[in-house]
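Each remark here refers to the structure printed beneath this line.
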There are 2 protein chains.
Amino acid sequence: MTSYKLDAFQVVADPSRRHILQLLSKDSLTIGALAENFEMSRPAVSKHIKILNKAGFISIQDIGRERYCILKQDGFDQLQEWIDHFDGFWLSKLQKLEMVLENKANGK
Amino acid sequence: MTSYKLDAFQVVADPSRRHILQLLSKDSLTIGALAENFEMSRPAVSKHIKILNKAGFISIQDIGRERYCILKQDGFDQLQEWIDHFDGFWLSKLQKLEMVLENKANGK
DNA sequence: ATAATATGTAACTTTTAGGTTACGCAAATA
DNA sequence: TATTTGCGTAACCTAAAAGTTACATATTAT
């Protein structure tokens, strides 16, 4: 089952979290290693990680006292799924409606 | 030029705004018509529309005293662009790293 | 001309998200 | 065994986001 507790879009709305994901796309990193890339404190990063995990954007591997954060596809899939709903839209319905409205605006 | 003033992900993070976009994918609607689909007040919808417009998710056609909101692709493109950055990732790098870490975790 | 309608905006309130510091705990190290 | 390291969490603060009501304005209808 893949029902995550957080709204993927709300989770990825935060620029810091997007930055974290970018870093993780190049390397799996521990919390501390991630924190070195930010000005914010380590506990702040820790919170973001918890959120990213709950939303399915990362998985976590505990190795001793270290936590390796690993990019995970599920969160991204949630984003993509919603965006895909709009795909069929662009080329058919829209252009006709715009035409109609433009004509109406010009009093034709 | 397509440099919008708002972060597309932050804009689409709000569930009400996503709902607005869904409604607009079926029909171009005025502010008032949109507001009928929500419990919130019309001015609240009006604010969301302003934001969606600034971020390139909709365009607006003024017809007399009415404002028709029309779905627009630019905002969605911004979302897609970011997501696409991660596409090359999944099948190559990730799986190897996970293997390495799992072995390390098991002390192999 | 007057009334009704569709909307934008200002001022305000409330909630929440993101940050901090301080602390505790388990694992690694000396 | 004592110390350091890596991390989670609680308590707290602050700023911003999302909502409200009240009002102003322009267009349409009577």
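This one's a predicted model, so the numbers in the text were calculated from it and none came from an experiment. Residue numbers begin at 1 in each chain, while the letters A, B, ... track the order of the sequences.
Rounded to whole angstrom, the span from the CD atom of B/Gln61 across to the P atom of D/dT27 amounts to 16 Å. Put simply, CZ on A/Arg18 is 17 Å from P on C/dA17, counting in whole angstrom units. When the C1' atom of C/dA27 is taken as reference, atom CG of A/Asp62 falls 12 Å away, rounded to whole Å. Separating the CG atom of B/Asp7 from the P atom of D/dA17 is a distance of 11 Å, rounded to the nearest angstrom. To the nearest angstrom, P of D/dA18 lies 11 Å from CG of B/Leu52. One can place CD1 of B/Ile49 at 14 Å from C1' of C/dA6, the figure rounded to the nearest angstrom. Distance, B/Ile31 CD1 to C/dT9 P: 11 Å, rounded to whole Å. One interatomic measurement links the two molecules: CG of B/Leu29 to C1' of C/dA6, which rounds to 14 Å at whole-angstrom precision.
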> Where along nucleotides 18-24 of chain C does protein come under 4.0 Å, by heavy atom, of base (B) or sugar-phosphate alone (S), with - for untouched nucleotides?
Replying inline: SBBBB--
Kindly list each side-chain donor-acceptor pair under 3.5 angstrom involving residues 11-18 of chain A, sequence neighbours excluded, with atom names and distances?
residue	atom	partner	partner atom	Å
A/Asp14	OD1	A/Ser16	N	2.9
A/Asp14	OD1	A/Arg17	N	3.1
A/Arg17	NE	A/Val11	O	2.5
A/Arg17	NH1	A/His48	ND1	3.0
A/Arg17	NH2	A/Val11	O	3.4
A/Arg18	NH1	A/Val12	O	2.8
A/Arg18	NH1	A/Ala13	O	3.2
A/Arg18	NH1	B/Asp7	OD2	3.4
A/Arg18	NH2	B/Asp7	OD1	3.4
A/Arg18	NH2	B/Asp7	OD2	2.7

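Annotation for A/Met40 and A/Ala44: closest pair SD-CB, 3.8 Å, computed over non-hydrogen atoms.
Under 3.5 Å, the side chains of A/Gln80 and B/Gln80 contain a donor-acceptor pair of N or O atoms. Remark: the A/Gln78 side chain and the A/Asp74 side chain contain no N/O donor-acceptor pair separated by less than 3.5 Å.
Residue A/Glu66 places its side chain closer to D/dC7 than to any other of D/dC7, C/dA6, C/dT7. With D/dG6, C/dT7, D/dG8 as the choices, the nucleotide that has an atom nearest any side-chain atom of B/Thr30 turns out to be C/dT7.
In the interface, the side chain of A/Arg65 is paired with the base of C/dA27 through a donor and an acceptor atom under 3.5 Å apart.
The phosphate of C/dG8 (OP1 or OP2) has a side-chain N or O of B/Arg67 nearer than 4.0 angstrom. Note on A/Lys50: a side-chain N or O is less than 4.0 Å away from OP1 or OP2 of D/dT9. For D/dG8, the OP1/OP2 oxygens have a side-chain nitrogen or oxygen of A/Ser46 closer than 4.0 Å.
Ring geometry for B/Phe76 against A/Phe86 counts as tilted: the plane angle lies between 30° and 60°, on a 0 to 90° scale.
Between the side chain of B/Asp27 and the backbone N or O of B/Leu23, no donor-acceptor pair lies under 3.5 Å.
Here the options are A/Asn53, A/Leu52, A/Ile49, A/Leu29, the test is side-chain contact (heavy atoms from CB on, under 4.5 Å), and the partner is A/Cys69; only A/Ile49 passes.
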